[in-house]
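As structure tokens, the structure follows; a few thoughts come after it.
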Amino acid sequence: MKLFEFNNYREFVIKTVRSLPKSGRGEFLKIARHLSLHTSTLSQVLSGIKNFTLDQACGLADYFGFNDLETEYLLLMVELERADTERLKNTLKKKMTRIKEQSREL
């Protein structure tokens with residue numbers, strides 16, 4: 001799955017894991033361990049109760065082996081979910097659009 005096809009990091013993580021062999025059995029546990037999170041915390045993040053911190057998002061980018069552009073895009077997705085104002089959300093969406101365009105050029 002391509003990261004840039006998504007606008008929501010939760011959807012990306014869930015669909016990516018579910019697309020793995022055996023529907024990604026055990027993968028969420030591996031992700032939680034990599035991020036030093038309890039599995040229940042990861043579950044709360046992926047169900048929308050909580051959000052990743054930016055540090056955890058960086059760890060997730062490392063887990064998936066993202067390059068700098070992908071990492072930046074993932075961080076923007078997390079920031080978007082954490083944003084409170086429409087002004088900030090719109091600014092982040094514009095940055096995400098620019099990065100998507102940049103990824104197509106590469």
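Along the sequence shown, the residues carry numbers beginning at 1.
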Task: Ionic contact status for Glu27 with Arg18, cut-off 4.0 Å - done: no
Task: Leu60 with Leu54, same ILVMFWY side-chain cluster at under 4.5 Å - done: yes
Open item on the list: How long is the straight-line distance from OG of Ser103 back to CD of Glu5, given to the nearest 0.5 Å?
Closed with: 10.0 Å
Task: CG-CD distance between Leu37 and Gln56, expressed to the nearest 0.5 angstrom - done: 4.5 Å
Task: Euclidean distance, Leu75 CG relative to Phe66 CZ, rounded to 0.5 Å - done: 10.5 Å
Open item on the list: Main chain of Val13, side chain of Thr16: is a donor-acceptor contact present, judged purely on distance under 3.5 Å?
Closed with: no
Open item on the list: Considering only residues two or more places apart or on different chains, which pairs with a residue in residues 30-39 satisfy side chain to side chain donor-acceptor pair (under 3.5 Å)?
Closed with: His38-Ser40
Task: Contact check, side chains of Phe64 and Leu3, non-hydrogen atoms, under 4.5 Å - done: no
Task: Leu69 and Phe4, any side-chain heavy atoms less than 4.5 Å apart - done: yes
Task: Nearest heavy-atom neighbours spanning Val78 and Ala57 - done: CG2-CB, 3.7 Å
- [ ] For residues Phe6 and Lys15, report the shortest heavy-atom separation together with the two atoms involved.
- [x] CE2-CD, 3.8 Å
Task: Approximate separation, where rounding is to 0.5 Å, of Asn7 CG and Leu76 CG - done: 11.0 Å
TODO: Please round to the nearest 0.5 Å and tell me the distance separating atom CG of Leu74 and atom SG of Cys58.
DONE: 8.0 Å
Task: Validation row: Leu35, Asp55 side chains within 4.5 angstrom (heavy atoms) - done: no
Open item on the list: Using a 3.5 Å distance criterion without hydrogens, assess whether the side chain of Arg82 forms a donor-acceptor pair with backbone atoms of Phe52.
Closed with: yes
TODO: Check whether any side-chain heavy atom of Asn67 sits under 4.5 Å from a side-chain heavy atom of Thr71, and report yes or no.
DONE: no
Task: Backbone of Arg87 reached by a side-chain donor or acceptor of Thr91 within 3.5 Å - done: yes
Open item on the list: With side-chain contact (heavy atoms from CB on, under 4.5 Å) as the criterion, how do Leu42 and Leu29 come out once you've worked through the C-alpha distance, each side chain's angles and the decisive distance to 0.1 Å?
Closed with: CA-CA 9 Å; Leu42 179 60; Leu29 177 61; over 6 Å; no
TODO: Without swapping roles, check the side chain of Glu11 against the backbone of Asn8 for a donor-acceptor pair under 3.5 Å.
DONE: no
- [ ] Check for a donor-acceptor pair, side chain of Glu105 on one end and backbone N or O of Gln102 on the other, with a separation under 3.5 Å.
- [x] no
Task: Shortest non-hydrogen contact from Ala83 toward Leu88 - done: CB-CD2, 3.6 Å
Open item on the list: Between Tyr9 and Glu79, is there a side-chain donor-acceptor contact under 3.5 Å, judged purely by atom types and distance?
Closed with: no
- [ ] Could you tell me the separation between the NZ atom of Lys93 and the NZ atom of Lys89, rounded to the nearest 0.5 Å?
- [x] 7.0 Å
Open item on the list: Using side-chain heavy atoms (C-beta onward) and a distance below 4.5 Å, is Tyr73 in contact with Lys95?
Closed with: no
- [ ] Give a yes or no on whether the backbone of Ser47 and the side-chain of Arg10 come within a donor-acceptor separation of less than 3.5 Å.
- [x] no
- [ ] Step through the shown structure and confirm whether more than 12 heavy atoms of other residues, nucleotides or ligands are within 6.0 Å of NZ on Lys100.
- [x] yes
TODO: Check the pair Asn51, Val45 against side-chain contact (heavy atoms from CB on, under 4.5 Å), reporting the backbone distance first and the verdict last.
DONE: CA-CA 5 Å; Asn51 279 299; Val45 169; 5.7 Å; no
